[in-house]
Amino acid sequence: MLNQSKTVGLPVSRIDGPLKVTGQARYAAEHFGPGMLYGHVVSATIATGRIRAIHTAAAEHFPGVVKIYTHDNRPKTAYRDSRWKDAVALPGHPFRPLENDRVLFDGQPVAFVVAESPEAARDAAGLVQIEYLSEEPHTDIVAQRHESYEPPVPRMKQFMPPPPRGDAEAAFAAAAHRVSADYVLSGEHHNPMELFASTVLLGTDGALTIHDKTQGSQNSCDYICGVFSLDPGKVVVKNSFVGGAFGQALRPKHQLFFAVMASLDLNRSMKVEMTRQDMFYLTWRPSCIQTVSLAADAEGHLQAVMHHAVHATSRHEDYQENVANWSGLAYKCENVKISYEIAKLDLATPGDMRAPGAATGMTALEAAMDELAYAAGIDPLELRIRNFVHRDQNQDKAITSKALHACYREGAARFGWAERSAAPRSMREGDDLVGWGMAGGIWEAMMSKGEAKVRLSVDGSVTVSAAASDIGTGTYTILGQLAAEAFDCPVDAVSVEIGASDLPKTGVEGGSWTAATTGSAVQAAAKAVIKTLLTHAQSMENSPLKEAKVQQVEIAEGRLVLESNHQIGVSMVDILEAAGLEAIEEHAKVGPDMLTMMRYASYSHSAVFVEVKVDEELGIVRVTRVVSAIGAGRILNPKTARSQILGGIVMGIGMALHEEGMIDHRTGRIMNHNLAEYHVPAHADIRDIEVIFVEEDDDMASPIGVKGLGEIGIVGVAAAVSNAVFHATGKRIRTLPITVDKILQSEAV
Amino acid sequence: MDTPRAQSGLPTSSLILDINGIAQTVEVHPWTTLLDLLRSELELTGTKKGCDHGQCGACTVLIDGERINSCLKLAVTLDGAEITTIEGLGTPGDMHPLQRAFVEHDAFQCGYCTPGQICSAVGLINEGHAQGRDEIRELMSGNLCRCGAYTNIADAIEEVLSAQAGTPQREAAE
């Protein structure tokens with residue numbers, strides 16, 4: 001399976017590329033229908049309190065306005081919380097738009113205006129007047145850290161800290177070298193380029209076709225069927241093209257709720273597109289404060305690891321992610337204590353954002369490892385090599401594969417790490433201080449349950465279908481490649497149908513598991529087609545494949561042949577014609593191998609090396625060079641795979657230097673809810689980036705040897721940047737992002 | 001076509017626009033932006049809305065060969081203008097050199113900022129300021145890409161730029 005390859009493993013250009021570069025790919029807001037109405041959300045302007053009154057008269061008289069919804073007049077929806085819980089729902093009470101007069105966070109939707117044009121809806125929304133009874137908001141994680149608690153209902157068992165091992169406190173006290181510090185990460189906002197939108201097209205028979213910005217069409221479909229008690233047979237949700245998401249579109253958003261609500265109530269097609277500002281009031285990466293304490297003996301062997309993390313959640317739901325557990329498995333250590341709590345703030349519920357938990361926790365751990373390296377007088381890379389571990393000590397399991405040594409070796413060689421002079425402030429170029437820093441990354445290689453269909457037609461064309469999503473990840477292309485490989489045909493002979501809820505069942509697109517899951521399902525369905533082909537071939541007269549077993553055959557050049565001898569075989573067309581079939585279609589289901597999972601843990605790994613240049617007088621940091629070496633199993637497409645890692649690195653640079661959701665804690669309101677004031681990296685911020693995929697064979701992580709790439713690229717990047725800033729300046733800045741003011745105000749150690 | 005925008009009782013102006021080589025008469029309200037005209041009324045959805053505030057560049061189109069954020073331009077001010085959108089540059093079967101280079105260099109992931117990046121790159125080449133990579137980075141900084149395809153975008157633009165530098169007689173892009 002993992003050997004020969006004609007398509008898989010090659011840098012195939014995206015098969016959806018020509019549609020995207022010519023503007024022909026249609027996203028959620030880009031569908032049209034007769035009699036369309038448009039909606040606009042009115043957002044709360046307080047962080048916590050109650051609505052005393054909503055005055056809608058002026059807005060109702062605005063030309064073109066059809067109806068205004070508030071908590072007083074919204075249509076009836078499902079009563080039970082269970083009906084509102086989507087596949088990615090959290091412990092707690094799911095948010096229900098217009099539920100009552102309570103305001104739980106800044107920007108909460110409190111009214112919804114429907115009009116004949118988007119401008120009329122928008123302008124009328126500005127005329128809705130709301131009187132509030134405001135209460136005192138609490139939105140600062142640093143101030144609220146003492147109100148934290150262990151989540152009473154775990155979101156997932158593996159997010160809970162492992163039991164302590166050894167005696168971390170005693171080992172810490174006795175060790176030769178010790179570091180202990182607090183690390184603070186600001187809240188971040190995903191900001192995919194596409195605005196959240198839903199277009200509901202009402203069919204003549206009352207059926208709904210909904211184009212939604214989502215990472216899971218079936219999740220959106222199930223959600224609205226639950227909330228509005230709809231017949232699932234009469235609703236199709238589509239997400240053919242998704243303009244970025246990064247975790248923000250895992251859970252259904254309120255524009256979907258409003259579009260469906262108004263469409264059903266008014267019996268019209270509906271379109272609702274959020275504003276950029278609205279998108280800052282949704283799912284965000286929670287602000288987090290962490291205390292990491294590390295101790296090592298004189299040779300740099302870790303003696304104690306302690307990691308305590310507290311991150312934000314909302315008043316109504318307990319968002320949880322695995323922040324700190326990585327510290328118990330990244331390096332060899334016998335004395336480990338990990339604790340994890342959350343604290344309620346008057347903000348929207350946080351959610352998964354690229355490498356949720358790991359991007360946060362590994363940033364603190366890998367910055368602390370750098371501090372320990374300096375405390376112990378050992379090169380930061382050498383310190384990591386000395387503490388290499390082959391086992392997952394948290395779960396006491398073997399690891400399916402870990403090519404991290406190769407990542408260290410190849411990354412360091414390409415970067416030129418050996419040329420680094422250890423002392424801070426020891427490298428300069430002109431007026432700039434130069435710093436070199438590195439960090440490691442880790443992410444769980446996951447596979448979930450998934451299904452796919454594969455259809456082979458008599459004309460040789462192949463169709464693959466699954467309800468998977470391509471959020472820029474390259475899903476279309478890799479599924480096409482896997483099918484092309486199985487049927488020995490060009491990728492352009494394969495049509496890939498994804499992004500619709502009526503296709504074979506697939507989980508949400510997240511956690512880096514789509515390639516492993518849907519890819520394996522496609523491979524399994526293709527094998528099932530080949531098995532059926534063989535059955536038909538064997539019932540042909542004088543079949544040369546009479547005695548062949550399914551493991552012994554494959555497709556080559558349009559024929560079903562013996563693997564060992566391609567001369568022996570039958571053409572696929574002849575087989576189908578003899579059987580009187582136009583096509584063979586098979587459906588396959590895959591899931592993780594429970595036996596393997598009991599004995600093994602599986603992770604992707606990385607080593608990332610960063611060069612910064614710092615103009616100390618101005619406090620400006622530039623990331624001038626990045627080398628990221630990745631061990632993530634089999635690479636199906638080095639072109640799209642590389643792009644995934646590039647994207648993670650760019651977002652990691654944003655985390656390190658730019659991205660900060662700013663809240664006025666007196667009012668609990670977000671101050672920089674736009675792309676001019678919430679900085680994401682721009683062209684000028686990004687220089688040379690090199691990506692290396694190291695060889696890593698792993699036939700246990702998933703049937704196709706894939707570990708997933710969506711998350712691993714970002715993990716460790718912010719730490720590597722911050723370590724490079726320390727090396728350049730001697731300033732250890734533990735509150736991200738590292739902005740000009742922090743550089744200017746810190747003292748070099 | 002269904003035109004919900006031209007509401008009765010509200011003022012409109014009639015103007016002629018040349019859009020992708022086709023002259024069209026359109027009725028617009030004075031507050032309608034070029035972006036909303038293209039995207040909602042003319043259903044030319046290749047031009048994207050990413051912020052509606054001139055902060056992200058996703059809505060970049062060419063007006064008389066110059067790149068501009070169409071969300072900041074009121075349509076009513078454009079009578080007689082020549083507008084080129086992504087749809088006017090090429091089609092999947094007949095791509096513009098920049099569109100081909102973007103596909104080849106994987107200069108996008110989700111594809112949402114891509115039409116704006118490409119129109120902006122056409123404008124950049126028309127301006128004639130960019131000689132190399134540093135200038136490309138600086139002068140493309142009005143077009144955000146959250147998927148982080150910047151290095152590949154720079155590769156794609158650099159390739160087309162240097163191919164054109166080799167053929168100085170040729171009209172820049174367009």
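Letters go in sequence order (proteins before strands), and every chain restarts at 1.
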- Task: Hey, could you give me the CD1/OG1 distance between A:Ile686 and B:Thr151, rounded to the nearest 0.5 Å?
- Result: 8.5 Å

- Query: Should A:Glu659 and B:Arg146 count as an ion pair when the cut-off is N to O under 4.0 Å?
  - Reply: yes

- Interatomic distance, NE2@A:His683 vs CG@B:Leu139, rounded to 0.5 Å, equals 10.5 Å

- For the pair B:Asp52 and A:Arg276, find out whether any cationic side-chain nitrogen is under 4.0 Å from an anionic carboxylate oxygen. no

- B:Thr91, B:Val103, B:Thr114: which one forms the most heavy-atom pairs within less than 4.5 Å of chain A? B:Val103

- When you look at A:Asn674 and B:His53, which way does the side chain to side chain contact (heavy atoms under 4.5 Å, CB included) test go after all the steps? CA-CA 9 Å; A:Asn674 61 74; B:His53 285 58; 5.6 Å; no

- Looking at A:Gln277, A:Gln644, A:Glu273, A:Arg354, which makes the most heavy-atom pairs under 4.5 Å with chain B? A:Glu273

- Query: In Å and rounded to the nearest 0.5 Å, what is the OG1 to NZ distance from A:Thr275 to B:Lys49?
  - Reply: 10.0 Å

- Query: Just how far is it from atom CD of A:Glu119 to atom CG of B:Leu10, taken to the nearest 0.5 Å?
  - Reply: 10.5 Å

- Message: How close do A:Leu675 and B:Cys51 get, counting heavy atoms only, and between which atoms?
- Response: CD1-CB, 4.2 Å

- Task: Flag yes if more than 12 heavy atoms outside A:Glu677 fall under 6.0 Å of its CD atom; otherwise flag no.
- Result: yes

- Message: Looking only at heavy atoms and a cut-off of under 4.5 Å, which of A:Lys271, A:Lys20, A:Arg26, A:Gln24 has the most pairs with chain B?
- Response: A:Lys20

- Residue A:Tyr678 versus chain B: region with a heavy atom under 4.5 Å: side chain

- Atom group of A:Ala676 that falls short of 4.5 Å from chain B, counting heavy atoms: both

- Enter the distance from B:Ser40:OG to A:Glu30:CD here, rounded to the nearest 0.5 Å. 10.0 Å

- Heavy-atom pairs under 4.5 Å with chain B, option from A:Ile653, A:Leu37, A:Val242 with the top count: A:Val242

- Could you please spell out the steps behind the side chain to side chain contact (heavy atoms under 4.5 Å, CB included) verdict for A:Phe241 and B:Cys110? CA-CA 8 Å; A:Phe241 294 98; B:Cys110 80; over 6 Å; no

- Task: Mind running side chain to side chain contact (heavy atoms under 4.5 Å, CB included) on A:Ser13 and B:Glu104 for me, showing each step along the way?
- Result: CA-CA 6 Å; A:Ser13 292; B:Glu104 175 58 29; 4.0 Å; yes

- Message: So which residue, B:His105, B:Met95, B:Arg100, ends up with the most heavy-atom pairs under 4.5 Å with chain A?
- Response: B:Met95

- Among B:Gly46, B:Gly57, B:Ser141, who wins on heavy-atom pairs under 4.5 Å with chain A? B:Ser141

- Task: Identify which of A:Ala682, A:Gly474, A:Ala29 forms the greatest number of heavy-atom pairs closer than 4.5 Å to chain B.
- Result: A:Ala682

- Query: Based on non-hydrogen pairs under 4.5 Å, which of A:Asp685, A:Leu19, A:Val650 is most in contact with chain B?
  - Reply: A:Val650

- Query: Which residue pairs pass the ring pair (Phe, Tyr, Trp, His ring centres under 6.0 Å) test when at least one of the two sits in residues 107-129 of chain B, sequence neighbours left out?
  - Reply: A:Tyr27-B:Tyr112

- Query: Do any N or O atoms from the side chain of B:Gln109 and from the backbone of A:Ser643 form a donor-acceptor pair under 3.5 angstrom?
  - Reply: yes

- Which atoms of B:Leu144 approach chain A - backbone, side chain, both or neither, heavy atom under 4.5 Å: both

- Note on the structure: Whatever's closer than 4.5 Å to a heavy atom in chain B on A:Pro192 counts as backbone

- Message: Could you measure the distance from the CE atom of A:Met193 to the SG atom of B:Cys147? Nearest 0.5 Å is fine.
- Response: 9.0 Å

- Name the region of B:Asp106, side chain, backbone, both or neither, that has any atom closer than 4.5 Å to a heavy atom of chain A. both

- Message: Quick check on the interface: out of A:Asp470, A:Thr640, A:Asp16, A:Thr473, who has the most heavy-atom pairs with chain B under 4.5 Å?
- Response: A:Thr640

- Select one option (side chain, backbone, both, neither) describing which atoms of A:Arg642 are under 4.5 Å from chain B's heavy atoms. side chain

